[in-house]
Every structure is written in C-alpha cells, then in structure tokens.
Amino acid sequence: MDFKMKNLIKDENFEKRIEITCAMNSAKCEFIEGKIIVLDNTNISFIEPHKVIIRIKSYKLLVLYFDKENLFLYDRTMPITISKLITLLKAIVSGEYNG
C-alpha cells in the first residue's frame, strides 16, 4: 500500500512563545514537525502531531500539539495549557516538583 506524507502546518508564533518560555526557565527545547500521512486510494489519513522535547534540569518533557488549542503532555490523555506548562517549568526550576 502506498502513502503520501505532507508536513502539518505549524504556528511559528506559538512555537516562539514556547521557546521564550523555555529560555526564561533555563530549559532547552527541540521542535519536531508533525506530518499528515495519507494512504493512497483510500479515505484514510493519519495526523502525527508536532512535538516539543523540553529538557530542564534532569527532566525531559514531551509536549504534543496540533495547534495552540490542542496541547498535550506526553500523550493525548494529558491535556495541558501553555499557562500550566509555564507553572510546571517554574516548579521544576524551584525544586517544588518532585515527580
């Protein structure tokens, strides 16, 4: 079975906001662009979300997002907002988080 892959459209402003948030909390982030995978001759497609790998202290966080309204920590069962992400990063920096 053949398939086609296209890049998922990303929001540069949203990524910049995450980048600035990470920089303010001494974290490093790496962005991985999402993909749309379409199976030829079918009406089936898969959407692989954008990923952000955030490294802060000894922690490594994986944030998945499709757009700025759909943001998840680790997998789609843990929705998170950008303000909660900021709170989490600040808790890790201050040592309050011991998860």
Side-chain angles (χ1 to χ4, degrees):
M1 184 172 290
D2 293 328
F3 61 91
K4 294 179 184 163
M5 291 179 62
K6 299 183 231 176
N7 288 334
L8 191 61
I9 298 170
K10 61 182 182 175
D11 185 343
E12 298 283 338
N13 293 329
F14 184 65
E15 286 189 0
K16 191 69 174 169
R17 185 170 177 197
I18 292 174
E19 208 170 73
I20 291 169
T21 299
C22 288
M24 290 175 59
N25 289 288
S26 302
K28 294 182 180 179
C29 61
E30 174 189 346
F31 294 93
I32 302 170
E33 192 169 7
K35 306 250 185 261
I36 300 173
I37 303 165
V38 179
L39 299 177
D40 290 342
N41 303 318
T42 70
N43 63 349
I44 299 172
S45 62
F46 302 95
I47 299 176
E48 178 185 351
H50 301 293
K51 297 176 190 82
V52 184
I53 299 170
I54 300 174
R55 291 179 180 85
I56 182 166
K57 291 194 170 186
S58 62
Y59 296 98
K60 191 176 191 180
L61 306 174
L62 175 65
V63 176
L64 307 174
Y65 70 96
F66 297 95
D67 55 37
K68 62 184 176 184
E69 302 298 322
N70 295 294
L71 190 66
F72 303 93
L73 188 62
Y74 302 116
D75 60 28
R76 292 195 58 184
T77 63
M78 297 180 69
I80 190 170
T81 62
I82 193 75
S83 59
K84 287 181 183 177
L85 179 63
I86 292 168
T87 303
L88 176 61
L89 294 177
K90 286 181 180 178
I92 291 172
V93 168
S94 69
E96 295 174 21
Y97 180 80
N98 44 340

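Basis for what follows: all heavy atoms, side chains included, without hydrogens, waters or symmetry-related copies.
In this structure, a donor-acceptor pair under 3.5 Å is present between the side chains of N7 and K35.
Put simply, the side chain of D11 gets close to the backbone of N13: a donor and an acceptor are under 3.5 Å apart.
When I32, V63, L71, L64 are each tested for a side chain to side chain contact (heavy atoms under 4.5 Å, CB included) with P49, only one passes: L64.
A distance of 9.0 Å separates CG in L73 from OG1 in T77, rounded to the nearest 0.5 Å. To the nearest 0.5 Å, atom SG of residue C22 and atom CD1 of residue I86 are 9.5 Å apart. Separating the CG atom in L88 from the OG1 atom in T21 is a distance of 12.0 Å, to the nearest 0.5 Å.
No side-chain heavy atom of E30 sits less than 4.5 Å from a side-chain heavy atom of V52. Looking at heavy atoms from C-beta onward, L89 lies in side-chain contact with I56 at the 4.5 angstrom threshold. Taking 4.5 Å as the limit, every side-chain heavy atom of K68 sits out of range of all side-chain heavy atoms of I82. With a 4.5 Å cut-off on side-chain heavy atoms, F66 and R76 count as touching.
Salt-bridge check for E96 with K90: failed, with every basic side-chain N at 4.0 Å or more from each acidic carboxylate O.
Around CG of D75, the count of heavy atoms belonging to other residues, nucleotides or ligands within 6.0 Å exceeds 12. Other residues, nucleotides and ligands contribute over 12 non-hydrogen atoms within 6.0 Å of the NZ atom of K57.
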Test log, rule side chain to side chain contact (heavy atoms under 4.5 Å, CB included), inputs I80 and F72: CA-CA 5 Å; I80 190 170; F72 303 93; 5.6 Å; no

CA sep, side-chain torsions, deciding dist, call: L62, K51, side chain to side chain contact (heavy atoms under 4.5 Å, CB included): CA-CA 7 Å; L62 175 65; K51 297 176 190 82; 4.0 Å; yes

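Linking Ile, Leu, Val, Met, Phe, Trp and Tyr whenever their side-chain heavy atoms come within less than 4.5 Å leaves I36 and I9 in two separate clusters. A continuous path of Ile, Leu, Val, Met, Phe, Trp and Tyr side chains, each step under 4.5 Å between heavy atoms, connects L85 with I53, placing both in one hydrophobic cluster. Cluster annotation: M78 and L61 are assigned to the same hydrophobic cluster (Ile/Leu/Val/Met/Phe/Trp/Tyr, side-chain heavy-atom contacts under 4.5 Å, transitive). There is a path of hydrophobic side-chain contacts, each under 4.5 Å, that joins I18 to Y74.
Aromatic rings of F46 and F3 (six-membered ring for Trp) have centroids beyond the 6.0 Å cut-off, not under it.
Here the shortest heavy-atom pairing between M5 and I37 reads CG-CG1, 4.0 Å. Here the shortest heavy-atom pairing between E19 and F31 reads OE2-CE1, 3.7 Å. In this structure, L8 and H50 approach most closely via the heavy-atom pair O-CE1, 3.2 Å.
Applying the side chain to side chain contact (heavy atoms under 4.5 Å, CB included) criterion to T81, with sequence neighbours excluded, gives S83, K84. F14 pairs by the ring pair (Phe, Tyr, Trp, His ring centres under 6.0 Å) definition with Y65, not counting sequence neighbours.
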